[in-house]
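What's counted below: heavy atoms across the whole structure, side chains too, no hydrogens, waters or symmetry copies.
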Amino acid sequence: MKPFALIAFSCAFSAVAFGQTTNAPAFLSLADAEKIALQYHPQIKQADYLALAAQEVVKESRSGFFPTVNLYADAVGVTSEGARITAGGLNNPSVYDRGAGGGQLNQLITDFGRTANLTASSKYQAQAEGQNANETREQVLLQVDGGYFGALEAQAVLRVAQQTYDTRKTLLDQITALATNKIRSELDVSFAQVELQQASLLVEQSSNNADAAMATLSTALGYGEYHEFQLADQPPQTNNFSSDVSGMVQTALSRRPELLSLRYDREAAMRFARAQRDARLPTVEAVGVAGAAPWRDDNYLKSDYFAGGVQLSVPVFAGGLYVSRQREAQLKADADAELLRSVENNVIRDVRIAWLNLNDAVQQLQTTEELAANATEAFTLAEARYNNGISDIVELSDAQLNLTQAQIAETNARYNVFIQQANLNYQMGIIQ
């Protein structure tokens, strides 16, 4: 029986171990989180599809340079030989019994730049859409970084809250024991119980915030459902931040995808305005037709036919349509130029504000680190004074509260540095 018992115990242990491995949260680094978002986030996929669609528009515009070929087939029967069309337009009025098939080829010779400008305009629009896709990626990466550091911050605050609860629980047990031996009063026990209950509320709130932060991170990664991860903490940020704000601004002006997109939009609008101007110019096309009529009236129709020529089309009057279209396109191009100038001003402002926020976050981290160190020392002294009977429970409770607040403030400040650094990278266009 012993071998069978040993085998059963081994199987049970393996099942438990396998279950723990399966249920354990997956490890996730910041780089892995960014890769997942870039691969699965629906906003990125949508932007990529729009960029691909814009590239098809280029092919549509460029198709004007190539010939068009159409095939035709006719089967005609008339009530009487040599029937004539007496109304309906300027055409060949004779209609004969026939069955014929043929094709027509049209080739643009020149439209004095209109098709070329339309093609160039669509190319710029496609490039603008590509930059819009890049902007979407950077926005998603900013959300991922913010969600990742926010989850780390929430988990760190939860650890502080749990540590506070454990400390106050130990203190309550000590005071309760001392009160039982008539060394401490019941008032001290009541104060310790209140402090423990407050710590319990802090743990519950921090736990809820940690779950909410993980849900936010899951959405930022592109998941529709909640995922729990074991996050890799980041090393502390150094204080060697560049003070060259002008260089950051120039980097942003040259790399921000939305600025590049607006510049391409402006160029596309200018090319489209030129195309609308060229619409008032003549169009020259080569036209060729060929075919056969196996069933026909032999007296009047031949078995095959071929014809070719050059067709000139000159727009003369359209009620001001072409002029208005040109002016509309030019005004929109001017509006795009002003929009670009406005967004450039906003980018300059945003870079400076992001740089100021990062420096402020670094200073706050330094201050909160000193505050946490002083609060720890103060709590240690207050605890010693209370244990020696020099002070009362109120002083110790205040020291505990100050320590908890200082630790939470330090935690928030530390991860705020990461968030502000990610925001500055985004404003500069270097987050990816």
With no hydrogens and no angle check, is any side-chain donor or acceptor of [X] less than 3.5 Å from a backbone partner on [Y]?
X      : Y      : value
Asn423 : Ile419 : no
Tyr72  : Gly291 : no
Ser218 : Tyr226 : no
Arg114 : Asp278 : no
Ser29  : Asp32  : yes
Ser190 : Glu186 : yes

* Go through Gln420 and Asn416 one step at a time and tell me if the side-chain hydrogen bond (donor to acceptor under 3.5 Å, both in side chains) criterion holds. => CA-CA 6 Å; Gln420 296 303 328; Asn416 187 43; 3.3 Å; yes
Do [X] and [Y] have a side chain donor and acceptor closer than 3.5 Å?
X      : Y      : value
Tyr415 : Asp233 : yes
Asn425 : Gln421 : yes
Asn208 : Glu204 : no
Asn132 : Ser261 : yes
Gln131 : Gln127 : no
Arg274 : Gln326 : no
Arg385 : Asn388 : no
Tyr426 : Asp145 : no
Gln330 : Asp334 : yes
Gln427 : Arg256 : yes

Reported [atom1]-to-[atom2] distance for the pair [X] and [Y], which is rounded to 0.5 angstrom:
X      : Y      : atom1 : atom2 : answer
Gln43  : Asp48  : CD    : CG    : 12.0 Å
Leu171 : Asp166 : CG    : CG    : 12.5 Å
Glu258 : Glu138 : CD    : CD    : 7.5 Å
Glu60  : Thr119 : CD    : OG1   : 11.0 Å
Leu141 : Ile44  : CG    : CD1   : 6.5 Å
Leu172 : Asp188 : CG    : CG    : 11.0 Å

Are [X] and [Y] side-chain neighbours, meaning at least one heavy-atom pair lies under 4.5 Å?
X      : Y      : result
Tyr322 : Gln276 : no
Ile175 : Phe191 : no
Met270 : Arg266 : yes

* Going through the distances and angles, do Leu118 and Phe272 end up as a side-chain contact (heavy atoms from CB on, under 4.5 Å)? -> CA-CA 6 Å; Leu118 287 175; Phe272 185 73; 3.8 Å; yes
* Go through Leu108 and Phe66 one step at a time and tell me if the side-chain contact (heavy atoms from CB on, under 4.5 Å) criterion holds. => CA-CA 7 Å; Leu108 176 67; Phe66 299 97; over 6 Å; no
* Asked: Stepwise, does the salt bridge (Lys or Arg N to Asp or Glu O under 4.0 Å) test hold for Lys169 with Asp173?
  -> CA-CA 6 Å; Lys169 180 65 170 61; Asp173 294 341; 3.2 Å; yes
Specify the closest pair of heavy atoms between [X] and [Y], including all atoms of both residues, with the distance to one decimal.
X      : Y      : value
Ala422 : Ile431 : O-CD1, 3.8 Å
Thr368 : Ala409 : CG2-O, 3.9 Å
Glu285 : Ile109 : C-CD1, 4.0 Å

Between the side chains of [Y] and [X], is the shortest nitrogen-to-carboxylate-oxygen separation below 4.0 Å, so that they form an ion pair?
X      : Y      : answer
Glu56  : Lys59  : yes
Arg325 : Glu328 : no
Arg349 : Glu344 : no

* Could you walk me through whether Asn374 and Glu370 pass the side-chain hydrogen bond (donor to acceptor under 3.5 Å, both in side chains) test, one step at a time? => CA-CA 6 Å; Asn374 294 333; Glu370 295 176 359; 5.9 Å; no
* Are Arg184 and Tyr386 in a cation-pi contact, defined as NZ or CZ under 6.0 Å from the six-membered ring centre and within 45° of the axis? -> yes
* Could you please spell out the steps behind the side-chain contact (heavy atoms from CB on, under 4.5 Å) verdict for Trp355 and Val249? => CA-CA 10 Å; Trp355 179 78; Val249 168; over 6 Å; no
